[in-house]
Every structure is written in structure tokens, then in C-alpha cells.
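Input: a single structure, listed below in C-alpha cells.
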Amino acid sequence: MSKFWSPFVNDLVPYVPGEQPKLTKLVKLNTNENPYGPSPKAIDAMRAAVSDELRLYPDPNSDLLKHAVARYYGVDASRVFLGNGSDEVLAHAYNAFFRQAKPLLFPDISYSFYPVYCGLYGVDYEAVPLDEQFQIRAEDYARPNGGIIFPNPNAPTGCLLALDAVEQILKNSPDSVVIVDEAYVDFGGDTAISLVDRYPNLLVTQTLSKSRSLAGLRVGLAVGHPDLIEALERVKNSFNSYPLDRMAIVGAAAAFEDRAYFESTCQRVIASREALVEQLEGKGFEVLPSAANFIFARHPQHDAAGLAAKVREQGVIVRHFKQARIAQFLRITIGTPEQNQALVDALGDLSS
Ligand SMILES: Cc1ncc(COP(=O)(O)O)c(C=O)c1O
């Protein structure tokens with residue numbers, strides 16, 4: 001606390017990101033990064049952008065990337081918004097849509113940034129409990145609200161909500177903006193972008209940090225009705241006109257163009273996920289059904305914090321949340337087959 005701070009800063013509870021260790025030898029299965037590198041075409045495009053032109057500001061509208069995204073999803077570019085990671089897109093969306101008299105709704109177990117933005121923007125919220133199987137129940141969101149947000153697949157559970165249930169949520173709250181945060185959708189879900197034509201209250205957000213392996217570049221996007229996009233552009237242009245730099249614009253556009261690389265790396269992650277689930281179930285773990293590049297698992301006989309500490313001693317990091325309902329779970333990012341094996345070896349014999 002300081003006399004120089006704006007008063008509301010005293011009450012801010014910031015997001016705590018997963019550890020980014022300086023030791024490179026660690027097997028990092030804690031922040032849902034992609035174990036395979038970005039498309040080589042994206043790397044080439046970024047290398048070419050490292051030039052004398054860096055003295056010039058980038059295109060404030062990132063039109064090259066907007067059009068690449070629009071082409072990829074078969075939507076008009078007026079439906080696309082871009083930001084410095086989907087975290088920034090979400091922050092602008094809170095500012096643009098959720099500062100309402102009624103509370104924002106999101107699942108009790110969900111992306112831990114959601115309540116943080118509420119603190120930043122003074123948004124009231126109600127956490128809606130997942131059911132006993134850790135699933136979102138669409139009917140629980142049919143109540144007065146000033147907006148709804150949930151990840152699909154959910155994080156940190158990895159569980160997918162079917163598109164007809166997403167539609168039910170949209171239909172039940174036609175006067176609120178509903179954000180479907182699809183950070184992990186490419187690992188096993190169908191995007192709700194197919195619904196944006198029919199639901200003017202739907203905003204779908206995505207990121208290039210996971211399935212396109214560009215977490216270090218910071219690029220996120222939203223697709224929705226042009227009225228929603230206009231609100232986001234107003235907020236963005238009142239904050240930072242140039243959220244995407246020259247490398248990010250060309251690198252992200254090239255990543256969207258390289259479908260073959262994208263599809264093959266997603267398939268490799270999905271195949272490794274299925275293999276790891278089988279190995280962990282063989283060790284007695286209960287694993288929630290995952291459509292993401294991570295799994296959420298608990299062992300009925302072993303304490304989750306203890307297991308996280310045990311594998312950490314052997315150079316493998318996974319994520320553990322000290323939070324009600326999920327304190328006995330570990331969130332494990334899917335690595336390469338070798339990284340996954342390192343985790344299985346570090347867990348050792350759990351039969352006693
Ligand atoms: C559910 C969810 N949404 C959004 C993000 C933010 O991703 P980024 O800011 O890297 O685009 C994450 C990152 O882990 C996430 O888990």
C-alpha cells in the first residue's frame with residue numbers, strides 16, 4: 001500500500017501465472033504450452049520482418065492477420081478482433097460488455113483470470129458451481145445476469161460442453177453478451193464461431209498460444225457480431241492502438257495459413273493425451289475426460305500437493321491449485337511422448 005496508489009489498487013488481487021523456471025532442463029508440464037514449435041513458415045515470416053522497417057509503427061488494425069483469420073473461419077473481417085494474447089482480448093471485452101448492473105456469471109472452477117478482471121473493472125460476479133462430474137450445466141445459467149463467460153473446453157478441467165448446450169445458454173440470455181473462451185478448442189472441440197451469424201450476443205475468443213504454439217508471441221482473437229467488434233475496437237483504441245507488433249502480425253498470419261502443420265501437431269498432442277491418460281489410469285488415477293492439451297487427474301490414495309512435489313524433485317513440473325473442490329487434482333499439460341514418459345517415471349510406483 002502506498003499513498004501514491006489509486007485507492008482501488010489496494011484491493012486488487014492479481015492473477016498468478018504458472019511458473020516459468022529459468023532452469024531449462026526441467027520438463028515443463030505446467031502452463032499448457034505446446035511441446036512442438038510453431039510452424040516453420042511462421043518463423044520464416046517473422047525473420048523476414050526483422051528489418052529496417054521496425055522503425056515504423058505496425059498497422060494498427062493488423063489487417064493482414066484479420067483477413068487471414070477471416071479466411072480461415074469463412075467469416076467477414078468485420079467480425080474479427082485481435083489483441084496482445086487472448087488475455088488482452090478478454091480484458092477489453094470485460095471493459096466493453098460486463099460493466100453492468102447485474103452480475104457476471106462464470107463457473108466456480110474455471111480460468112482464474114476471470115475474477116481478477118472483475119476486480120480490475122469493478123464487475124460483480126456470481127460463480128456458478130459445476131455439477132458433481134465437474135461439468136457445466138447450461139440450465140444453471142438461465143438466471144438474471146450482466147454477462148456470461150466460460151472456457152470451452154473448460155480450464156482447468158479440460159471438459160467440453162456440446163455446441164447445443166452452448167446454444168441453450170445463448171438463447172436463455174439474449175440480452176447479455178456470452179463469451180465462449182476457446183483457448184483449447186482445437187484439441188478436441190467444435191468452435192462456436194459457426195454460431196456467430198445467428199447469435200448477435202455471442203463472442204468467441206481464441207489464442208495462438210496453444211494449438212499454434214506461439215505463446216511467446218502474444219496473439220489472441222475474438223469473432224462476433226460487428227456491433228460487438230466495434231465496442232472492442234473503441235476500447236482498444238482508447239488504450240493502445242498498436243497491440244500487435246510487426247513480427248506478431250506476419251508470424252500469426254503465416255501460422256493460420258499453414259493448416260497442414262497445425263493439423264499434424266494438434267493430432268500428435270491428441271494422440272499423446274490418449275496414451276498418457278491410459279498410463280495414468282493404469283497407475284490408479286481418475287482422469288476427467290479432456291478435449292484440451294492438458295488433463296485434470298486425481299489419485300484416490302495420494303495427496304495431489306505431495307505428488308506435485310515428488311515429481312518436481314525429479315525435474316517435472318505440473319500445476320496444482322490450492323482451491324476448494326479441486327485441491328486433490330493435478331493439471332498436467334500434454335508433452336511429447338518422452339516428456340510424458342518422464343512424468344510417468346517420476347510418479348513411480350503408486351500402488352501402496
Ligand atoms: C482458458 C484460458 N483463456 C485464455 C488464456 C490466455 O491465453 P493467451 O493470453 O496466451 O492468449 C488462457 C491461458 O492459459 C486460458 O487457459
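Note that ligands are numbered from 1 as they come in the structure, with each ligand's atoms numbered from 1 the same way. The chain is numbered in sequence order, starting from 1. Computed from a predicted model, the values in this text were never measured in an experiment.
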| task | Using distance alone, decide if ligand 1 has a nitrogen or oxygen within less than 3.5 Å of any nitrogen or oxygen in Asp87. | result |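 Between Asp87 and ligand 1 (N or O atoms, distance only) the closest approach is under 3.5 Å.
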Any heavy atom of [X] sitting closer than 4.0 Å to ligand 1?
X: Tyr184; answer: yes
X: Glu88; answer: no
X: Asp181; answer: yes

| Row check, Phe187 ring normal vs Arg273 NZ/CZ: under 6.0 Å, within 45° |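 Here Arg273 fails the 6.0 Å and 45° test against Phe187.
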| request: Measure from NZ or CZ of Arg331 to the centre of the six-membered ring of Phe294, then state whether that distance is under 6.0 Å and the direction lies within 45° of the axis. | output: yes
What protein heavy atom lies closest to [atom]? Include the residue and the distance to one decimal.
atom: atom 14 (O) of ligand 1; result: Lys210 NZ, 3.0 Å
atom: atom 5 (C) of ligand 1; result: Tyr111 OH, 3.4 Å
atom: atom 9 (O) of ligand 1; result: Arg218 NH2, 2.7 Å

| task | Would you tell me which option among Ala183, Gly83, Pro156, Ser209 has the nearest heavy-atom contact to atom 10 (O) of ligand 1? | result | Ser209
| Just going by heavy-atom distances, which of Gly220, Ala155, Ser86 is nearest to atom 7 (O) of ligand 1? |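 Nearest heavy atom to atom 7 (O) of ligand 1 lies in Ser86.
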| remark: Sorted by chain and number, sequence neighbours left out, salt bridge (charged side-chain N to carboxylate O under 4.0 Å, His left out) with Glu278 holds for none
| What's the shortest heavy-atom distance between Pro38 and Ser213, and which atoms? |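 For Pro38 and Ser213, the tightest heavy-atom pair comes out as CG-O, 3.5 Å.
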| field | Minimum-distance pair of heavy atoms, taken over all atoms of His320 and Ala305 | value | CE1-CB, 3.7 Å
Under 3.5 Å, which donor-acceptor pairs do the side chains of residues 145-161 form with other protein atoms, sequence neighbours left out?
| from | atom 1 | to | atom 2 | distance (Å) |
| --- | --- | --- | --- | --- |
| Asn145 | OD1 | Gly147 | N | 3.0 |
| Asn145 | OD1 | Ser176 | OG | 2.7 |
| Asn145 | ND2 | Arg143 | O | 2.9 |
| Asn145 | ND2 | Ser173 | OG | 3.0 |
| Asn152 | OD1 | Leu161 | N | 2.7 |
| Asn152 | ND2 | Leu161 | O | 2.9 |
| Asn154 | ND2 | Ile109 | O | 3.0 |
| Thr157 | OG1 | Cys159 | N | 3.2 |

| request: Taking the side chain as every heavy atom from C-beta outward, state whether Ser86 and Tyr111 have any pair of such atoms under 4.5 Å apart. | output: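 No, every pair of side-chain atoms sits at 4.5 Å or beyond.
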| request: Number the atoms of ligand 1 from 1 as they appear, then name those within less than 4.0 Å of a heavy atom of Gly85, with their elements. | output: 9 (O), 11 (O)
